[in-house]
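As structure tokens, the structure follows; a few thoughts come after it.
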Protein chains: 2
Amino acid sequence: MRTRTGSSPTIETIARHAGVSTASVSRVLRGLGGLPETVKKVQAAAAELGYVPNAMARSLRGGQSRQVTFAMPDIGNPVYVAMMRHIQATAGAAGYRLLLHSTQADPVEELAALRALADRHSDGLILCPIRVTPAHLDELGRAAAPVVVIGSLPEDLAVDSVRADSVTGAELAVRHLADTGRRRIGLLNGPADTVPGAARHQGYERALAACGLRYDDALTASGRFDAQSGEEAARRLLDRVPDLDALFCANDLIAVGALRALRSTGRTVPQDVAVVGVDNTDLAEACWPALTSVDLGAHERGRLAAELLLSRLGDEVQAPVSRLAVQPRLIVRESCGASAAHADQVGGPSQHKEIP
Amino acid sequence: MRTRTGSSPTIETIARHAGVSTASVSRVLRGLGGLPETVKKVQAAAAELGYVPNAMARSLRGGQSRQVTFAMPDIGNPVYVAMMRHIQATAGAAGYRLLLHSTQADPVEELAALRALADRHSDGLILCPIRVTPAHLDELGRAAAPVVVIGSLPEDLAVDSVRADSVTGAELAVRHLADTGRRRIGLLNGPADTVPGAARHQGYERALAACGLRYDDALTASGRFDAQSGEEAARRLLDRVPDLDALFCANDLIAVGALRALRSTGRTVPQDVAVVGVDNTDLAEACWPALTSVDLGAHERGRLAAELLLSRLGDEVQAPVSRLAVQPRLIVRESCGASAAHADQVGGPSQHKEIP
DNA sequence: TTGAAAGCGCTAACAG
DNA sequence: CTGTTAGCGCTTTCAA
């Protein structure tokens, strides 16, 4: 085993060892020219001393950190984990490291993530804002590095974004419920004043109209975007409107809570009440009855956001602002009337029907 | 709105602006002394120009990046997300940023994460190895920065670690099954040659012995640590041993797959077959029947690992190696015979019995 | 092709 | 208390 001096070798150590200049070491190590003789000496010295270039020095010199940040509201929500996985894959493949910033759905934290770009520790940011306040617009406008927002933004803001078509997604769900004979369709929403919350509500309302069903405030309830809140909201709603025959839930977590509430109030899913979630997370397949869910393309959004950010980082010239939208698909599973018998007869996992 | 020059102001910009030296700027901005007059001028200039110190320069100078890395096998597994959440909270509170490295359960990737410490982009690493090969031991020995391993390590390796007592956890589960009258208890394991896989197997075998039940290879099956694999393994096992009355699953994902297999082969849980998972992830409460699960203290492990790493980073002196172990608890839910009636009568979420 | 030298932006002696 | 100065480790002109 080789001797370990206290501190790691620098480019100068290698230079001395190889009898060349630091400039030559730098060149050789990055594959730029060099006399075969020189190259060999440098490589030998580097190998022998176990030299690895210092990333911080390189970043300072080069003006870029080769790191990107993903800031999202709640790491406990599998939909963000799905995004993260694809962001990490895309960024990693391009040689970028991934920094995580969990904002706790706190706008202050979101702004902090934006402002943190000023210290140049990160070359760019992918942000999932839960709300878009004037302060957000302001900070987005003056961000010190490229930002891609996953979510909807005002038209006139010159910031790249990737959004789900949440309204259409909600429509898909509600329409499917109506088409399969449901008439008293409730909405279990997250905070109505958040971007996703507002979108779900809008889609719900619009779809009802399209199906000739009347919108009724009494059929809606809102809370947080988690299972416990979903369960509580479902109980409240069911108390108030016992004859509901379907629940459209703003995400899968809420839907899982709703399933619990339904079960504990003696209702059968989907016979008595059909349930649809949103995000098509792993939870949808894990719960029972397996959850019909609107896939808003979290994977796709993560990948696209990362690609957008990377291309922005690579660009010399200012490419025009991109505003991507991914199409939702409805994944029909048992919670929504696909007969259990049908599901039972198949061997493999992941049986579902897809409505694009 | 203030004018935006192309590049951000440096400490020198501020110095000129305030009519002082860069050293004074540095001092003032870090709260070290200064004449009130000077302080005011500097702060004014910094505020006016929107100055933020460059993190890379600071890191290079200071010899530390104020970043730590968490490397884990599979970000799709909620147990790692749980760890991550607490690592992020602990590290974040101490002013460290969190880098993510998903290793895909690939030993090569794990080694890469270890070696990457050499470039000093990260001050320390929390590693969840899925396997510990001789190469791991070697790299752990020569790591360029402090490492904390979440998992078991050979006694003679001088590396901090936090482990779950997975063997005791398995015993808790199997013993509970035996105590509640189960006699044909199967094991659905992940890869047997991984650290967690081996531990689950060992605990299973040991608990059977303690309960006077005979170990039988035919009652075990193994695959990967995910739901699909769990479902397939469960099918194989049930085909082979139709009269199983309990399944001990190596993690919650496998257990979820097992629930699916049981349902689709017409068995009722827990009446026909009781099921226990491991990790007590959110999944355990999401599925139905709610899953009895061994809580191996993922939160605790994440927090402790982060604290260990941070204290190691702060230490001037070499503190002795820490080897922490967290105690498992069995969280009993419906999949294991807690009567559904009992669960139904309660209003709130998270009803369960806890066996420490 | 190679080496000398000038920084990237910051902090920390060390004098004054 | 403040300014001068010397780097942290690297890349990159610019000459030779």
Side-chain angles (χ1 to χ4, degrees), chain A residues 5-43 45-46 49-67 116-123 144-145, chain B residues 5-43 45-46 49-67 95 117-123 144-145:
Chain A
T5 77
S7 61
S8 15
T10 76
I11 202 171
E12 206 185 324
T13 327
I14 309 302
R16 268 203 311 274
H17 222 80
V20 299
S21 72
T22 59
S24 291
V25 176
S26 176
R27 283 188 213 105
V28 169
L29 260 28
R30 292 189 306 111
L32 315 171
L35 230 48
E37 175 66 13
T38 318
V39 171
K40 207 174 60 190
K41 282 190 299 187
V42 169
Q43 289 181 334
L49 301 182
Y51 171 73
V52 178
N54 179 304
M56 291 302 147
R58 206 179 257 211
S59 291
L60 176 58
R61 179 62 236 243
Q64 51 174 272
S65 62
R66 308 228 40 116
Q67 304 191 143
L117 288 171
D119 77 7
R120 322 251 89 181
H121 77 274
S122 184
D123 292 342
Chain B
T5 77
S7 60
S8 15
T10 74
I11 203 172
E12 207 184 323
T13 326
I14 308 303
R16 268 203 310 275
H17 223 79
V20 299
S21 74
T22 59
S24 290
V25 176
S26 176
R27 282 188 214 106
V28 169
L29 260 29
R30 293 188 303 111
L32 317 173
L35 229 48
E37 174 67 15
T38 319
V39 171
K40 208 175 59 188
K41 283 191 299 188
V42 169
Q43 289 180 334
L49 301 182
Y51 170 74
V52 177
N54 180 304
M56 291 302 146
R58 209 178 252 209
S59 293
L60 176 58
R61 181 60 236 246
Q64 52 174 289
S65 61
R66 309 230 36 120
Q67 303 190 145
L117 288 172
D119 78 7
R120 321 250 89 182
H121 77 274
S122 185
D123 292 341

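So you know, we letter chains A, B, ... as the sequences are listed, proteins then strands, and number each from 1. Keep in mind the model is a prediction, meaning the values are calculated, not measured.
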Heavy-atom closest contact (A:Ala118 atom, A:Ala144 atom, distance): CA-CB, 3.6 Å
Counterpart residues, side-chain contact (heavy atoms from CB on, under 4.5 Å), relative to A:Ser65 (two or more places apart): A:Ser59, A:Gln67, A:Asp123, B:Met56
Qualifying salt bridge (Lys or Arg N to Asp or Glu O under 4.0 Å) pairs, either residue in residues 7-16 of chain A, two or more places apart: A:Glu12-A:Arg16
Residue pairs passing the salt bridge (Lys or Arg N to Asp or Glu O under 4.0 Å) test where at least one lies in residues 23-36 of chain A, sequence neighbours excluded: none
Show each protein N/O and nucleotides 4-8 of chain D N/O combination with a separation under 3.5 Å, one pair to a line.
unit_1, atom_1, unit_2, atom_2, d
D:dG7, N2, B:Arg61, NH1, 3.1
D:dC8, O2, B:Arg61, N, 3.4

Atom-to-atom span, NZ of B:Lys41 to C1' of D:dC1 - whole angstrom: 12 Å
Side chain to side chain donor-acceptor pair (under 3.5 Å) involving A:Arg66 - partner list, sequence neighbours excluded: A:Gln64
Distance in angstrom units between B:Arg16 CZ and C:dG9 P, rounded: 12 Å
Residues touching DNA chain C, which here means a heavy atom under 4.0 Å, drawn from residues 29-39 of chain A: A:Gly34, A:Leu35, A:Thr38
Residues which pass side-chain contact (heavy atoms from CB on, under 4.5 Å) with B:Ala45, listed by chain and number, not counting sequence neighbours: B:Ile14, B:His17, B:Ala18
Of the listed nucleotides C:dG3, C:dC10, D:dG3, the one nearest the side chain of B:Val20: D:dG3
Atom-pair distance (CD1 on A:Ile11; C1' on C:dA5), nearest Å: 14 Å
Gap between atoms CZ and C1', on A:Arg58 and D:dT12 respectively (whole Å): 14 Å
Pairs of donor and acceptor atoms involving the side chains of residues 32-43 of chain B, under 3.5 Å and at least two apart or interchain, shall be tabulated with distances.
none

Pairwise side-chain contact, A:Leu117 with A:Ser122, heavy-atom cut-off 4.5 Å (strictly under): yes
